[in-house]
Amino acid sequence: MTKKHYRRYIPFKTILTHLTLIFLSVITLYPVLWVFKMAFSPTQGFSTSLKGDYTLNNFITLFTITDSESNLLMIRQFWNSIFVSVISAFIGLVLATSAAYAFSRFEFKGKKSGMSAMLITQMFPGVLVIIPLYLILDNIGLLNSLWGLILVYSTTTVPFSIFMLKGYFDTIPKEIEEAAVMDGASQFTIFIKIILPLSRPALAITGLFSFMTAWNEFILAATFMGQEKYYTVPVMLQSFVGAFNTQWGLFAAGSIIVSLPVVILFLYVQKHLVGGLTAGGIKG
Amino acid sequence: MASLKLKNIKKTYDGKKFIIKGVDLEIKDKEFIIFVGPSGCGKSTMLRMIAGLEEITDGELYINDELVNNFSPQERKTAMVFQSYALYPHMTIYDNIAFSLKLKKVNPDIIKKKVEEVSKILDLDEFLKRKPASLSGGQRQRVAIGRAIIREPKVLLFDEPLSNLDAKLRNRMRFEISKLRKNLNSTFVYVTHDQVEAMTLADRIVVFNDGHIQQVGTPMDLYDKPSNLFVAGFIGSPQINSFKGTIEGTTFKHELFSYNLNKTVTHKEIILAIRSEHIEIVTENEDITGEVILIETLGNETILWIENNNFDFKIRLNAPDNKIKNGDKLKFKFQSENIHLFNAETEVRI
């Protein structure tokens with residue numbers, strides 16, 4: 001028997017789509033290549049050429065910088081960022097989830113004005129609250145403390161998180177909850193056993209949003225943290241940019257390290273970002 | 001095992017517009033009661049008040065002579081099957097059915113036994129490990145029923161449970177529900193707008209309109225002796241034919257015809273109503289005439305749409321009739337024993 005060969009026919013449209021996507025990817029990713037180039041470059045200069053020597057020196061330097069008390073700064077600051085971001089995201093998520101559920105399901109006085117008030121808080125840029133927050137943190141003794149940052153971060157993301165989550169909760173059919181009421185579930189049980197599992201995608205994206213907001217935040221951290229050992233990574237990165245001389249190699253290496261957790265977190269969260277979780281529950 | 005008593009029940013959401021305007025009803029133990037009525041008549045709201053999902057604004061609800069106005073659904077021992085199934089999409093069929101027992105912290109072995117029992121009755125054995133999304137509409141509704149009956153409720157409530165299913169499946173599920181009813185000790189209260197369901201399943205039908213009960217009775221009571229024009233029009237398909245006219249002596253005068261009622265009626269203006277199967281085609285001596293404008297052949301029966309001077313009515317023939325053609329001019333006779341008379345003003349039966 002002879003083996004038949006079928007030529008796979010690829011439609012022109014598919015080829016065109018792929019060419020377009022490849023072109024767009026190159027445009028998007030090429031600048032990132034410069035960052036990698038500079039991170040592995042032996043000099044601290046600013047060069048966009050991809051030619052030249054490659055070395056790990058910048059990374060080694062980064063991880064071995066110490067302060068006057070010989071703390072390993074990079075590891076310390078990286079930990080600060082993780083600690084602050086994870087706890088802020090967690091606290092913010094807990095507060096926002098329960099508040100959003102109440103806003104979505106219960107009727108109470110001030111529901112409408114409450115939602116508007118939260119929108120209004122989003123209208124003011126963060127810099128406007130630096131001075132009041134500084135004074136408040138100073139008064140309660142949380143300047144130069146990671147808990148101070150946690151307090152600020154977890155509360156600032158809450159209004160927007162509530163908005164996102166309320167929008168999602170509104171899409172969960174009420175009948176499912178009524179069925180649970182008939183089955184004898186308390187409001188709390190319904191929240192924990194029905195609503196939260198059905199809200200996985202929204203919780204994942206809101207958590208990621210809160211984490212990234214805290215992770216990337218610079219101005220407040222730079223203002224409230226006076227000592228290097230309390231810096232978060234964005235503040236650390238900024239310190240490589242001097243008034244007269246910028247250490248581009250260290251800056252680039254630092255950027256890569258700072259991006260890593262977000263990339264990893266995104267990959268992890270991605271699998272929760274599935275649609276149709278409520279499919280099958282009701283006739284749709 | 002439960003009898004229900006509804007005493008002057010009212011419902012309003014805003015304190016002004018009443019959706020239920022005072023309902024009195026007694027439901028006997030193990031009775032199958034069906035609420036029917038047009039959309040927005042309050043039948044579903046009434047059901048939800050019995051369930052305990054809606055607060056009762058005014059009036060009293062008794063289950064087994066116990067006032068339950070402020071009881072939770074759990075305390076009332078009511079269970080409900082929703083129109084939209086309302087299954088828990090993230091749980092398996094087993095967990096869906098077992099949910100209420102798990103909340104009550106029943107021994108897992110007993111739960112397992114009960115779920116198996118219920119799934120056997122409802123033919124769900126093979127789906128227990130699946131999730132609702134992978135089931136068809138009929139299967140999902142059976143899961144919803146299973147979830148309701150596993151608690152052995154005193155009162156089993158159905159809110160238009162079959163209206164999302166296609167016609168064939170609806171027939172099948174209707175049969176399943178009447179079978180289920182024989183196996184259970186619950187009292188059934190069922191809401192539908194489908195009069196076929198109402199006529200075939202109910203011991204007694206309650207017709208709602210505009211927040212009031214229009215009539216309560218057995219399916220044939222409502223069909224044969226509708227207490228007002230609304231009930232007459234709502235029960236029966238095709239809809240009952242009605243003619244508004246005046247009384248002169250014992251004769252009913254309509255624009256198209258006169259009809260001797262052979263009895264005196266005190267009202268001046270009345271509505272004469274007659275069901276389509278109670279009109280006969282005759283060849284002579286009648287002044288009710290009309291032209292055939294549409295013939296609906298349904299196999300075992302034929303519906304003729306008759307028109308005369310902008311008035312139309314329908315008649316039903318029990319067999320297909322090939323001789324009658326569109327455009328034929330025919331004469332008709334009303335069966336005098338099957339005529340319904342209503343007060344033209346109040347639309348109440350005379």
Side-chain angles (χ1 to χ4, degrees), chain A residues 93 97 100-101 104-109 111-112 165 167-207 269-284, chain B residues 13 48 50-54 72-93 95-106 130-141 143-144 147-148 150-151 153 155-157 159-165:
Chain A
L93 201 58
T97 313
Y101 182 65
S104 169
R105 286 298 195 262
F106 303 138
E107 288 303 322
F108 51 89
K109 244 188 181 165
K111 177 173 168 171
K112 243 186 173 167
L165 286 169
Y168 190 84
F169 290 155
D170 285 346
T171 67
I172 297 178
K174 268 193 173 153
E175 289 99 322
I176 295 180
E177 285 179 60
E178 286 179 346
V181 170
M182 294 302 296
D183 272 345
S186 65
Q187 201 65 59
F188 185 71
T189 311
I190 292 173
F191 182 62
I192 298 291
K193 292 204 165 161
I194 311 283
I195 297 298
L196 290 188
L198 290 179
S199 307
R200 240 173 51 213
L203 293 176
I205 203 78
T206 312
V269 163
Q270 208 178 23
K271 69 175 184 203
H272 293 287
L273 300 183
V274 284
L277 267 192
T278 53
I282 64 155
K283 173 84 179 181
Chain B
Y13 287 102
R48 292 166 58 83
I50 297 175
L53 287 173
E54 297 277 355
S72 72
Q74 196 70 9
E75 292 163 325
R76 293 180 193 198
K77 296 217 160 122
T78 51
M80 183 150 157
V81 177
F82 293 82
Q83 175 180 7
S84 59
Y85 323 135
L87 301 179
Y88 312 124
H90 56 300
M91 297 184 194
T92 61
I93 302 308
D95 289 333
N96 263 280
I97 297 176
F99 190 63
S100 62
L101 297 184
K102 281 186 182 167
L103 288 180
K104 270 202 264 175
K105 302 209 159 55
V106 175
R130 293 218 223 151
K131 290 208 173 149
S134 68
L135 266 57
S136 73
Q139 290 160 347
R140 286 185 211 171
Q141 197 52 291
V143 176
R147 188 176 59 180
I150 198 163
R151 286 168 39 203
V155 187
L156 194 49
L157 306 160
D159 190 5
E160 307 203 19
L162 309 186
S163 56
N164 278 337
L165 306 177

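Taken to the nearest 0.5 Å, the CG atom of B:L53 stands 5.5 Å off from the CE atom of A:M182.
Under the 4.5 Å side-chain criterion, counting only non-hydrogen atoms from C-beta, B:Q74 is not in contact with A:V181.
Here the closest non-hydrogen pair linking A:I176 and B:A86 is N-CB, 4.0 Å. Between A:G184 and B:L103, the shortest heavy-atom contact is C-CD1, 3.8 Å.
Among B:M80, B:K104, B:R151, the residue making the largest number of heavy-atom pairs under 4.5 Å with chain A is B:R151.
Although no hydrogens or angles enter the test, the distance criterion places no donor-acceptor pair under 3.5 Å between the side chain of B:Y88 and the main chain of A:K193.
Residue A:F108 places its CZ atom among more than 12 non-hydrogen atoms of other residues, nucleotides or ligands, all under 6.0 Å distant. The 12-atom threshold is exceeded at NZ of A:K111, counting heavy atoms of other residues, nucleotides or ligands nearer than 6.0 Å.
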**Q.** Trace of the side-chain contact (heavy atoms from CB on, under 4.5 Å) decision for A:E178 with B:R48
**A.** CA-CA 10 Å; A:E178 286 179 346; B:R48 292 166 58 83; 2.5 Å; yes
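In this structure, the portions of B:A51 lying under 4.5 Å from any heavy atom of chain A include both its backbone and its side chain. Both the backbone and the side chain of B:T78 have a heavy atom closer than 4.5 Å to some heavy atom of chain A.
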